[in-house]
Amino acid sequence: MQEFIAKHQDKIAGTLSGFDRLVFRGHLRSIGHPQGMMSYLWTNQVYLKNLGNHVEMVTKRLKEASLAEAKACGRAVKYLNSSQLDKETIARDILAQDKVRSGLVCVLSCLEPGLTFAIHRNRLTKKLELKLSPGKCLFLYHDQIHPVFGFLNARIQTWFPFSIQICLNGREWLARQMHATGLDYLQQDNCFPWIANWTKAQRLMDRQLKTKGPKLLNGIAQQLNPIHAPIFRKHPISYYWSTYQHEWALDVVFHHAAALRHFYPRWGNHAIPTFSSPEVMRFLGKHITLSGQVHQKFSGEGVGDFKRRAEGVRIKHSVNRNSVKLYDKAYTPKGSVLRAEATVHNADDFRVYRRKAGDRKGPRAWRRLRRGISDLYRRAQLSHKAAARYLDAFAAVDHSTTLDQLLQRLEQPRQWRGRRVRALRPLADDRALLSAINHGEFAINGFRNRDLRAIFFSQATDDKKELRRRSAWISRKLRLLRAHALITKITGTHRYQITSTGRKTIVAVLSALRSTVAQLTPVTAQLTAVAA
């Protein structure tokens with residue numbers, strides 16, 4: 001991010017980094033499985049044979065209580081006959097029509113798939129059993145203008161185990177904050193082409209991470225199900241909140257639309273040849289052969305998403321349902337927005353340095369990112385770094401340093417910890433090495449010695465002597481890259497990551513190698529004309 005901003009600082013009005021879309025899920029974990037539900041039924045003296053009647057009675061009460069506010073305020077209550085309809089669009093149309101300024105906007109109901117409890121007869125034991133299985137039930141969607149979050153939608157499953165999903169937008173949230181503090185701004189969709197004070201706006205956005213999330217989310221849950229306490233009077237239980245998915249947006253606002261329109265096609269043209277089909281496969285986390293081709297055993301689809309829109313091209317790369325993308329978000333007379341975005345659907349791909357859950361005094365180690373909202377600030381850190389690295393990858397476009405100058409620097413021997421290290425040969429022997437460390441799956445968490453072994457040695461082995469030989473071979477390659485300042489070791493780990501200099505150099509070399517003669521000829525002609 002800093003490299004990109006430094007290059008275009010005279011054209012940039014301001015930057016804004018923070019959550020865009022946030023989806024939280026609430027679960028009553030103690031009744032989220034058959035054994036827990038059986039405990040609830042036992043506490044309430046409900047026999048399995050009477051489960052159907054009990055559940056229907058509770059569901060009826062919940063629906064009546066959930067719809068009571070809408071009926072009392074005269075808000076729209078609408079049943080949708082298809083779960084594929086865009087509920088947010090319908091809610092916003094109602095918002096514009098009814099001109100609601102605060103509170104509940106409408107309640108939409110729809111039959112949708114979900115996990116539900118049902119009774120099954122076991123043929124072997126000839127007994128009734130409680131099972132949690134996929135089914136369909138009624139969901140209620142409450143769209144509202146929240147005093148803190150702004151416009152949001154929240155839904156509740158009206159059948160046990162009453163799961164909840166709340167979807168809000170960080171930019172809507174920020175708009176409420178700026179309005180409360182008297183900070184002037186211009187909002188278009190979910191971005192801000194102009195803000196009177198960008199620094200103050202960023203401080204307000206950073207404050208979102210310090211908000212007491214569970215308290216606010218529980219308040220929304222209470223609106224969805226006002227009779228939660230009476231239902232669970234004999235079996236007290238509360239919601240556990242987790243982050244289902246999130247989008248982190250890094251907005252760079254240009255003073256003039258002409259500057260963004262000038263550069264954006266170049267960034268798109270840079271990304272398309274740089275991230276060819278095999279490269280996109282690497283971003284998807286799939287293995288590539290040493291020749292740089294897609295593995296024959298792969299039967300899925302591995303394509304980069306370069307979506308052409310009216311404004312330009314949206315560039316997107318995904319790895320295991322997590323993605324980074326770049327697109328021109330808005331063009332206005334007051335400012336134009338370039339957005340780099342990181343979207344996380346699969347938190348298991350991320351590692352954070354933390355203690356084991358529940359062990360406050362235990363040793364820290366690299367562990368999986370948790371889904372609970374207690375790790376929301378860690379998601380912010382990881383997402384910001386991913387979006388910033390992706391943005392910086394485009395800083396190499398139109399850079400004043402020539403490829404010849406980069407190669408001259410690499411093709412000189414270096415000293416590393418008192419030892420001579422040979423020159424790099426990026427266009428020959430070391431080309432595969434540069435391609436390997438540039439794999440998309442290493443962009444977030446870095447790479448280890450064994451990650452590169454898996455790329456360069458496709459045949460697995462249990463021979464300890466051979467394993468040591470392979471590890472030593474990779475270690476020499478890592479020392480070579482570190483000596484040339486292309487990679488650096490992550491403190492306290494066995495992982496490495498590409499430096500900003502390394503990213504610029506590798507992108508330049510690989511882009512040149514993957515460009516066609518037809519693409520390079522116009523550039524050469526221009527340089528020749530300038531020299532003449």
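Residue numbers start at 1 and run along the sequence shown. As the structure is a computational prediction, the values presented were derived from the model and not from experiment.
Contact between Thr332 and Pro193 at its shortest, heavy atoms only, is OG1-CB, 3.3 Å. Shown here for Ala436 and Leu452, the closest heavy-atom pair between the two residues is CB-CD2, 4.3 Å. What you find for Lys489 and Thr493 is that their closest heavy atoms are CE-O, 3.0 Å. Of all heavy-atom pairs spanning Ile31 and Phe117, the tightest one is O-CZ, 3.2 Å.
Side chains of Trp198 and Thr15 form no contact here, defined as non-hydrogen atoms less than 4.5 Å apart. For the pair Arg101/Ile145, no side-chain contact is recorded, criterion being any heavy-atom separation below 4.5 Å from C-beta on. Side-chain contact between Asp392 and Arg503: absent, with no pair of heavy atoms (C-beta onward) separated by less than 4.5 Å. Residues Gln177 and Gln208 are in side-chain contact: their nearest non-hydrogen atoms beyond the backbone lie under 4.5 Å apart. The side-chain heavy atoms of Leu209 and Phe19, taken from C-beta on, include a pair separated by under 4.5 Å. The shortest side-chain heavy-atom distance between Lys356 and Arg367 falls under the 4.5 Å cut-off. In this structure, Tyr239 and Pro214 have side chains that are not in contact, with every pair of non-hydrogen atoms separated by 4.5 Å or more. Residues Lys87 and Asn153 fail the side-chain proximity criterion, which asks for heavy atoms closer than 4.5 Å.
Although no hydrogens or angles enter the test, the distance criterion places no donor-acceptor pair under 3.5 Å between the side chain of Asp98 and the main chain of Val100. Of the possible polar contacts, none joining the Asn44 side chain to the Val46 backbone as a donor-acceptor pair under 3.5 Å is found. Side chain of His228 to main chain of Ile237: a donor-acceptor pair is present (N/O by atom type, distance under 3.5 Å, no hydrogens or angles). Side-chain N or O atoms of Arg355 include one that pairs as donor or acceptor with a backbone N or O of Gly362 at under 3.5 Å.
Between the side chains of Ser17 and Trp248, a donor-acceptor pair is found at a separation under 3.5 Å. His345 and Gln245 share a donor-acceptor pair across their side chains, judged by distance under 3.5 Å alone. Residues Thr343 and His246 have side chains that never bring a donor and an acceptor to within less than 3.5 angstrom of each other. Residues Gln222 and Asn218 have side chains that never bring a donor and an acceptor to within less than 3.5 angstrom of each other.
A cation-pi arrangement, defined by a distance under 6.0 Å to the six-membered ring centre and an angle within 45 degrees of its axis, is absent between Arg495 and Phe447.
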Anything under 3.5 Å between a donor and an acceptor, one on a side chain of residues 155-162, the other on a protein residue two or more places apart or in another chain? List them.
| unit_1 | atom_1 | unit_2 | atom_2 | d |
| --- | --- | --- | --- | --- |
| Arg155 | NH1 | Glu112 | OE1 | 3.1 |
| Arg155 | NH1 | Tyr141 | OH | 3.2 |
| Gln157 | OE1 | Ser163 | OG | 3.0 |
| Gln157 | NE2 | Leu115 | O | 2.9 |
| Gln157 | NE2 | Trp159 | O | 3.2 |
| Thr158 | OG1 | Leu138 | O | 2.7 |

Are Arg448 and Asp451 close enough, and set up right, to give a salt bridge (charged side-chain N to carboxylate O under 4.0 Å, His left out), and what steps lead you there?
CA-CA 5 Å; Arg448 299 161 295 184; Asp451 294 325; 3.2 Å; yes

For the pair Arg203 and Asp206, evaluate salt bridge (charged side-chain N to carboxylate O under 4.0 Å, His left out) and give the outcome as yes or no after the intermediate values.
CA-CA 5 Å; Arg203 285 201 298 265; Asp206 294 340; over 6 Å; no

side-chain contact (heavy atoms from CB on, under 4.5 Å) assessment of Ile94 paired with Asp143
CA-CA 10 Å; Ile94 295 174; Asp143 293 272; over 6 Å; no

Step by step, work out the side-chain hydrogen bond (donor to acceptor under 3.5 Å, both in side chains) result for Ser66 and His142.
CA-CA 9 Å; Ser66 189; His142 284 228; 2.8 Å; yes

Using side-chain contact (heavy atoms from CB on, under 4.5 Å), reason through Phe24 and Leu168 one step at a time and then give a plain yes or no.
CA-CA 8 Å; Phe24 298 107; Leu168 56 92; 3.9 Å; yes

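Taken from CD in Gln144 to CG in Leu104, the straight-line distance is 6.5 Å, to the nearest 0.5 Å.
Between Arg171 and the options Asp251, Asn190, Asp20, a side-chain hydrogen bond (donor to acceptor under 3.5 Å, both in side chains) holds for only Asp251.
Arg176 is linked by a salt bridge (charged side-chain N to carboxylate O under 4.0 Å, His left out) to nothing, counting only residues two or more places apart in sequence or in another chain.
Applying the side chain to side chain donor-acceptor pair (under 3.5 Å) definition to pairs two or more places apart or across chains, none involves residues 56-65.
Taking the six-membered ring for Trp and thresholds of 30 and 60 degrees, Phe394 and Tyr390 have ring planes more than 60 degrees apart, a perpendicular arrangement.
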